[in-house]
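A short write-up of the structure that comes next.
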Protein chains: 2
Amino acid sequence: MAAFHALIRAHARVVRMLEAELETEQGLSLPAYEVLAHLSEAPDRRRRMTELASFAILTPSGLTRLVDKLVRDGLVERQRCGTDARVVYAALTDAGFARLVAAYPTHLRGVRTHLIDRLAPEQLDAIAEALGPFTDDPLAHDAVPPGDCL
Amino acid sequence: MAAFHALIRAHARVVRMLEAELETEQGLSLPAYEVLAHLSEAPDRRRRMTELASFAILTPSGLTRLVDKLVRDGLVERQRCGTDARVVYAALTDAGFARLVAAYPTHLRGVRTHLIDRLAPEQLDAIAEALGPFTDDPLAHDAVPPGDCL
DNA sequence: CCGGAATACTTGCGCTCGCAACCTTCTTGG
DNA sequence: CCAAGAAGGTTGCGAGCGCAAGTATTCCGG
């Protein structure tokens, strides 16, 4: 139970500081940064909305609105799928990638100063190992043909 | 960095499930539960707003609104301090305590099934030890005379 | 080939909450 | 004793986001 309390309080503090820095220095919210970063690592720099949502911290509806905003800002664009008209891809634009690159140092520095520097390396490993499995649950990575859409 | 991602994702998942259960079964949000629980452990079952906020996951303004709601629901009441007219205490009412007692099993079960049962005991210890220090920072527990108010 | 179930996303609605500004009440230096 | 500033809470405002319902498309049993 102590672990639970530590988890939610540490999360609140670290995230609050990161968000403040990222917002004032780069004009990006943390969820927005996470989405951009995740897209940048994806093949063709794009992902289906559902993938993005299950990976991300957001519900589908939250993701839709966030992507709306990113599209308005010209950082991502929506692409439709040729073989299944239901699915939508969010694709990183060049401007979005540039924005991500610009924001990366701020984010990295924040994570360092607020989290990494305050823990021993073996503690970081322990956290990653213990909490990592919570990430993978939802989708068992079904084989979705990646290149079947324009 | 893996630790950071694991932290925010695990937090999102665990908290989302807990909130859903607590809300549907007991009609309490997780922050509300946390405030009630913290008050129940305090001397005279009351705390200053500032203490509550720095301990809690909320900013002062967020806490004000949450306490507003809890007062409307009759679960806490505001008390003024005789020696310093600026400070406000939030005090747990009997109804609030009863509500907390009723909600306790739901919360405990949730934390168990969604967090504790999924980790080894030594992992829980590691998390508590690593993330615990983040909780204590903000206030160094200055000596505030506890009994100086009605 | 067709109608119902399932899937992928989107929107209406409402609540929560953070920031900045504000008011009130102590405290402190002159 | 009286400003000037600090400290404790509260509010105006607006952004973010979850839930449930809605729309569009695909899948599947008969």
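Predicted model only: the values in this text are computed from it and were never measured. Atoms considered below: every heavy atom in the structure, side chains included; atoms not considered: hydrogens, waters and symmetry mates. In what follows, chains carry the letters A, B, and so on, assigned in the order in which the sequence lines appear, proteins first and then strands, with residues in each chain numbered from 1.
- Look at CZ on A/R47: it is 15 Å from P on C/dA8, rounded to the nearest Å.
- Distance from the side chain of B/D68 is smallest to D/dT11 among D/dT11, D/dT10, C/dC17.
- A residue-by-residue look at A/M49 and B/K69 shows that A/M49 has its nearest nucleotide of DNA chain C further toward the 5' end.
- Between the CG atom of A/L63 and the P atom of C/dA8 there is a distance of 14 Å, rounded to whole Å.
- Distances shown here put every side-chain N or O of A/R65 at or beyond 4.0 Å from the OP1 or OP2 atom of C/dT11.
- Using a 4.5 Å heavy-atom threshold, the side chains of B/L39 and B/F97 count as separate.
- At a cut-off of 3.5 angstrom, the base of D/dC17 holds no donor-acceptor pair with the side chain of A/S61.
- Ionic pairing of A/D68 and A/R78 is present here: one or more N-O contacts between side-chain nitrogen and carboxylate oxygen are shorter than 4.0 angstrom.
- For B/R46 (side chain) and B/Y89 (main-chain N/O), no donor-acceptor pair under 3.5 Å exists by modelled atom type.
- In this structure, CD of A/E23 is placed 7 Å from P of D/dG16, rounded to the nearest angstrom.
- If you check D/dT11, D/dG18, C/dC26 against the side chain of B/T64, the one that comes closest is D/dT11.
- Here the NE2-CZ distance, from B/H114 to A/F4, works out to 10.5 Å after rounding to the nearest 0.5 Å.
- Between the CZ atom of B/R48 and the C1' atom of D/dT10 there is a distance of 16 Å, given to the nearest Å.
- Annotation: A/E129, atom CD; neighbour count of heavy atoms from other residues, nucleotides and ligands within 6.0 Å does not exceed 12.
- Rounded to whole Å, atom C1' of D/dC17 lies 16 Å from atom CG of A/L52.
- Heavy-atom distances to DNA chain D give each of A/L66 and B/R78 a nearest nucleotide, and the one nearer the 5′ end belongs to B/R78.
- Taking only distance into account, the side chain of B/R86 never meets the base of C/dT24 through a donor-acceptor pair shorter than 3.5 Å.
- Between B/R80 atom CZ and C/dC23 atom P the separation is 17 Å, expressed in whole Å.
- Look at CD1 on B/I57: it is 15 Å from P on C/dT16, rounded to the nearest Å.
- Atom CE in A/M17 sits roughly 12 Å away from atom P in C/dC19 (whole-Å rounding).
- When heavy atoms are screened at a 4.0 angstrom cut-off, B/L30 is found touching no nucleic acid atom at all.
- Residue-level contact check: A/L58 touches the backbone only, with heavy atoms under 4.0 Å from sugar-phosphate atoms and none from bases.
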